[in-house]
Amino acid sequence: MDSNPSRQLLESLMDEAILEAQKAQSVGEVPVGAVVWHAGKIVGRGRNTAEKDAHVVSHAEIHAITEASRQLGGWRLNECILCVTLEPCTMCLGAIRLARIPSIVFGAGDSKQGAVGSLYDLSLDERLGPAPRVIRNIRREACEALLKEFFKSIRN
(Lines give C-alpha, C1' and ligand atoms only; values in the text may rest on other atoms or scores of the structure.)
Protein backbone atom coordinates (compact mmCIF):
# COMPACT_ATOMS: atom_id res chain seq x y z
CA MET A 1 0.00 0.00 0.00
CA ASP A 2 1.13 3.53 -0.68
CA SER A 3 1.84 4.81 2.85
CA ASN A 4 1.58 8.42 1.70
CA PRO A 5 -1.13 8.70 -0.94
CA SER A 6 -1.19 11.90 -2.98
CA ARG A 7 -3.89 14.54 -2.55
CA GLN A 8 -4.85 13.87 -6.17
CA LEU A 9 -5.45 10.17 -5.45
CA LEU A 10 -7.46 10.96 -2.31
CA GLU A 11 -9.65 13.47 -4.16
CA SER A 12 -10.17 11.00 -6.99
CA LEU A 13 -11.23 8.30 -4.53
CA MET A 14 -13.57 10.73 -2.79
CA ASP A 15 -15.11 11.65 -6.13
CA GLU A 16 -15.92 7.96 -6.59
CA ALA A 17 -17.37 7.75 -3.07
CA ILE A 18 -19.49 10.84 -3.80
CA LEU A 19 -20.88 9.07 -6.91
CA GLU A 20 -21.92 6.19 -4.66
CA ALA A 21 -23.53 8.64 -2.22
CA GLN A 22 -25.46 10.25 -5.08
CA LYS A 23 -26.76 6.82 -6.11
CA ALA A 24 -27.99 6.28 -2.55
CA GLN A 25 -29.66 9.68 -2.51
CA SER A 26 -31.40 9.03 -5.84
CA VAL A 27 -33.37 6.18 -4.24
CA GLY A 28 -34.14 7.94 -0.95
CA GLU A 29 -31.25 6.64 1.13
CA VAL A 30 -29.02 8.84 3.28
CA PRO A 31 -26.31 9.89 0.80
CA VAL A 32 -23.21 8.16 2.09
CA GLY A 33 -20.81 6.39 -0.26
CA ALA A 34 -17.56 4.51 0.19
CA VAL A 35 -14.81 2.91 -1.85
CA VAL A 36 -11.90 0.64 -0.99
CA TRP A 37 -8.67 1.09 -2.96
CA HIS A 38 -5.93 -1.51 -3.31
CA ALA A 39 -2.87 -1.74 -5.55
CA GLY A 40 -3.90 1.01 -7.92
CA LYS A 41 -7.60 0.26 -8.30
CA ILE A 42 -10.94 0.36 -6.53
CA VAL A 43 -11.81 -3.12 -5.28
CA GLY A 44 -14.92 -2.30 -3.27
CA ARG A 45 -17.83 0.11 -3.58
CA GLY A 46 -20.70 0.74 -1.25
CA ARG A 47 -23.54 3.08 -0.46
CA ASN A 48 -26.17 3.23 2.24
CA THR A 49 -29.06 0.83 1.64
CA ALA A 50 -30.60 0.66 5.12
CA GLU A 51 -34.07 1.69 3.95
CA LYS A 52 -34.17 -0.70 0.99
CA ASP A 53 -32.72 -3.58 2.99
CA ALA A 54 -34.65 -2.70 6.17
CA HIS A 55 -31.42 -3.54 7.93
CA VAL A 56 -29.40 -1.38 10.31
CA VAL A 57 -25.98 -2.63 9.17
CA SER A 58 -26.48 -1.67 5.53
CA HIS A 59 -23.98 1.17 5.67
CA ALA A 60 -21.74 2.22 2.79
CA GLU A 61 -18.54 1.12 4.55
CA ILE A 62 -19.89 -2.36 5.28
CA HIS A 63 -20.86 -2.87 1.63
CA ALA A 64 -17.50 -1.58 0.37
CA ILE A 65 -15.55 -3.77 2.81
CA THR A 66 -17.64 -6.81 1.87
CA GLU A 67 -17.02 -6.30 -1.84
CA ALA A 68 -13.30 -5.66 -1.33
CA SER A 69 -12.99 -8.84 0.74
CA ARG A 70 -14.70 -10.80 -2.02
CA GLN A 71 -12.50 -9.24 -4.72
CA LEU A 72 -9.28 -9.83 -2.80
CA GLY A 73 -10.21 -13.27 -1.50
CA GLY A 74 -9.91 -12.56 2.20
CA TRP A 75 -11.10 -10.41 5.06
CA ARG A 76 -7.74 -8.88 5.92
CA LEU A 77 -7.59 -5.61 4.01
CA ASN A 78 -4.27 -4.51 5.49
CA GLU A 79 -3.03 -2.95 2.26
CA CYS A 80 -6.13 -0.90 1.46
CA ILE A 81 -7.45 2.61 1.80
CA LEU A 82 -11.10 3.13 2.73
CA CYS A 83 -12.57 6.40 1.50
CA VAL A 84 -16.04 7.42 2.74
CA THR A 85 -18.08 10.60 2.39
CA LEU A 86 -19.14 10.70 6.06
CA GLU A 87 -17.10 9.98 9.17
CA PRO A 88 -17.64 6.32 10.16
CA CYS A 89 -19.93 5.43 13.06
CA THR A 90 -18.86 3.07 15.86
CA MET A 91 -20.22 0.00 14.04
CA CYS A 92 -18.39 0.82 10.82
CA LEU A 93 -15.19 1.76 12.59
CA GLY A 94 -15.33 -1.59 14.36
CA ALA A 95 -15.55 -3.34 10.98
CA ILE A 96 -12.75 -1.17 9.58
CA ARG A 97 -10.50 -2.01 12.52
CA LEU A 98 -11.36 -5.73 12.35
CA ALA A 99 -10.57 -5.74 8.62
CA ARG A 100 -7.21 -4.16 9.51
CA ILE A 101 -7.62 -1.30 7.05
CA PRO A 102 -4.62 0.95 7.72
CA SER A 103 -5.94 4.18 6.17
CA ILE A 104 -9.31 5.87 6.55
CA VAL A 105 -10.21 8.91 4.46
CA PHE A 106 -13.45 10.81 5.01
CA GLY A 107 -15.13 13.97 3.82
CA ALA A 108 -17.70 15.26 6.30
CA GLY A 109 -17.48 14.91 10.06
CA ASP A 110 -20.45 13.50 11.99
CA SER A 111 -21.08 15.22 15.33
CA LYS A 112 -23.94 12.84 16.16
CA GLN A 113 -22.37 9.44 15.45
CA GLY A 114 -18.79 9.96 14.33
CA ALA A 115 -16.29 7.54 15.81
CA VAL A 116 -13.13 9.03 14.31
CA GLY A 117 -12.89 12.20 16.34
CA SER A 118 -16.21 14.03 16.24
CA LEU A 119 -18.12 12.20 18.99
CA TYR A 120 -15.68 9.42 19.87
CA ASP A 121 -12.25 8.55 18.58
CA LEU A 122 -11.97 4.80 18.44
CA SER A 123 -9.31 5.09 15.75
CA LEU A 124 -6.75 5.89 18.44
CA ASP A 125 -7.57 3.01 20.80
CA GLU A 126 -4.59 0.68 20.41
CA ARG A 127 -6.40 -2.06 22.33
CA LEU A 128 -8.15 -2.60 18.98
CA GLY A 129 -4.86 -3.11 17.13
CA PRO A 130 -2.56 -0.67 15.38
CA ALA A 131 -4.16 2.75 14.94
CA PRO A 132 -5.09 3.50 11.32
CA ARG A 133 -3.96 6.64 9.57
CA VAL A 134 -6.89 9.06 9.35
CA ILE A 135 -7.20 11.74 6.69
CA ARG A 136 -10.12 14.13 7.22
CA ASN A 137 -11.97 16.76 5.21
CA ILE A 138 -11.25 15.52 1.67
CA ARG A 139 -13.92 17.22 -0.47
CA ARG A 140 -15.66 18.12 2.78
CA GLU A 141 -17.87 20.84 1.29
CA ALA A 142 -19.25 18.54 -1.41
CA CYS A 143 -19.90 15.76 1.10
CA GLU A 144 -21.62 18.12 3.54
CA ALA A 145 -23.72 19.66 0.75
CA LEU A 146 -25.10 16.23 -0.22
CA LEU A 147 -26.19 15.55 3.34
CA LYS A 148 -27.66 19.01 3.89
CA GLU A 149 -29.62 18.82 0.63
CA PHE A 150 -30.96 15.37 1.51
CA PHE A 151 -32.12 16.27 5.03
CA LYS A 152 -33.57 19.58 3.83
CA SER A 153 -35.66 17.69 1.24
CA ILE A 154 -36.94 15.33 3.94
CA ARG A 155 -38.00 18.21 6.19
CA ASN A 156 -39.86 19.87 3.30
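Side chains are part of it too, since the values below use all heavy atoms of this structure and drop only hydrogens, waters and symmetry mates. Sequential numbering from 1 along the given sequence is applied to the chain's residues.
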Does Thr85 use its side chain to pair, donor to acceptor, with the backbone of Gly33 at less than 3.5 Å?
yes
Look at the side chain of Asp53 and the backbone N and O of Ser58, then say whether any donor-acceptor pair between them is shorter than 3.5 Å.
no
Determine whether Leu86 and Cys143 make a side-chain contact, defined as any pair of heavy atoms from C-beta on separated by less than 4.5 Å.
no
Got Pro132 and Pro102 here, is their nearest side-chain heavy-atom distance under 4.5 Å?
no
If I compare all heavy atoms of Ala64 with all of Val36, which pair ends up nearest, and what's the gap?
O-CG2, 3.7 Å
Between the side chains of Arg136 and Asp121, is the shortest nitrogen-to-carboxylate-oxygen separation below 4.0 Å, so that they form an ion pair?
yes
Verify the neighbour count for atom CD of Gln113: are there more than 12 heavy atoms of other residues, nucleotides or ligands below 6.0 Å?
no
Which of Val32, Val134, Leu82, Ile135 passes side-chain contact (heavy atoms from CB on, under 4.5 Å) with Phe106? It is Val134
Check whether any side-chain heavy atom of Leu13 sits under 4.5 Å from a side-chain heavy atom of Val105, and report yes or no.
no
Does some side-chain heavy atom of Met14 sit less than 4.5 Å from a side-chain heavy atom of Leu10?
no
Close side-chain approach of Cys89 and His59, heavy atoms under 4.5 Å
yes
Using 0.5 Å steps for rounding, measure from the CG atom of Leu98 to the CZ atom of Arg76.
11.5 Å
Test your reading of the model: is there a side-chain donor-acceptor pair from Ser6 to the backbone of Leu9, 3.5 Å cut-off?
yes
I'd like to know if Glu29 and Arg47 make a salt bridge, using a cut-off of under 4.0 Å between side-chain N and carboxylate O.
no
For Asp110, is there an ion pair with Lys112 - N to carboxylate O distance below 4.0 angstrom?
no
Does any part of the side chain of Met91, heavy atoms only, come nearer than 4.5 Å to the side chain of Glu61, both counted from C-beta?
no
Less than 4.5 Å apart, any side-chain heavy atom of Thr90 and any of Leu122?
yes
To the nearest 0.5 Å, what is the distance between CD1 on Ile101 and NE2 on His38?
11.0 Å
Between Leu72 and Cys80, is a side-chain contact (heavy atoms from CB on, under 4.5 Å) present by the stated rule, with each step listed?
CA-CA 10 Å; Leu72 297 175; Cys80 294; 3.8 Å; yes
Say whether, by atom type as modelled, one donor and one acceptor occur between the side chain of Arg97 and the main chain of Asp125 under 3.5 angstrom.
yes
More than 12 heavy atoms of other residues, nucleotides or ligands under 6.0 Å from CZ of Phe150: yes or no?
yes
To check you understand the geometry: which heavy-atom pair defines the closest contact between Ala24 and Asn48, and what is its length?
CB-O, 3.7 Å
Let me confirm one number: the CG-SG distance from Asp15 to Cys83, rounded to the nearest 0.5 Å.
9.0 Å
Please indicate whether Glu141 has more than 12 foreign heavy atoms, meaning atoms of other residues, nucleotides or ligands, lying under 6.0 Å from its CD.
yes
Please check: side-chain N/O of Arg133 versus main-chain N/O of Ile81, any donor-acceptor pairing under 3.5 Å?
no
Counting distance only, does the side-chain N/O of Glu20 pair as donor-acceptor with the main-chain N or O of Ala34 below 3.5 Å?
no
Lys152/Glu149 ion pair, N-O < 4.0 Å
no
Any sub-3.5 Å donor-acceptor pair from Glu87's side-chain atoms to Gly117's backbone N or O?
yes
Sub-4.5 Å side-chain heavy-atom contact between Trp75 and Arg100:
yes
Has Ser69 got a side-chain atom pairing as donor or acceptor with Ile65's backbone, closer than 3.5 angstrom?
yes
Glu67 with Arg45: basic N within carboxylate O range, under 4.0 Å:
no
Under a single-linkage definition using a 4.5 Å side-chain heavy-atom cutoff for Ile, Leu, Val, Met, Phe, Trp and Tyr, are Ile62 and Leu77 assigned to the same hydrophobic cluster?
no
Quick check for you: to the nearest 0.5 Å, what is the distance between Ser12 atom OG and Arg7 atom CZ?
12.5 Å
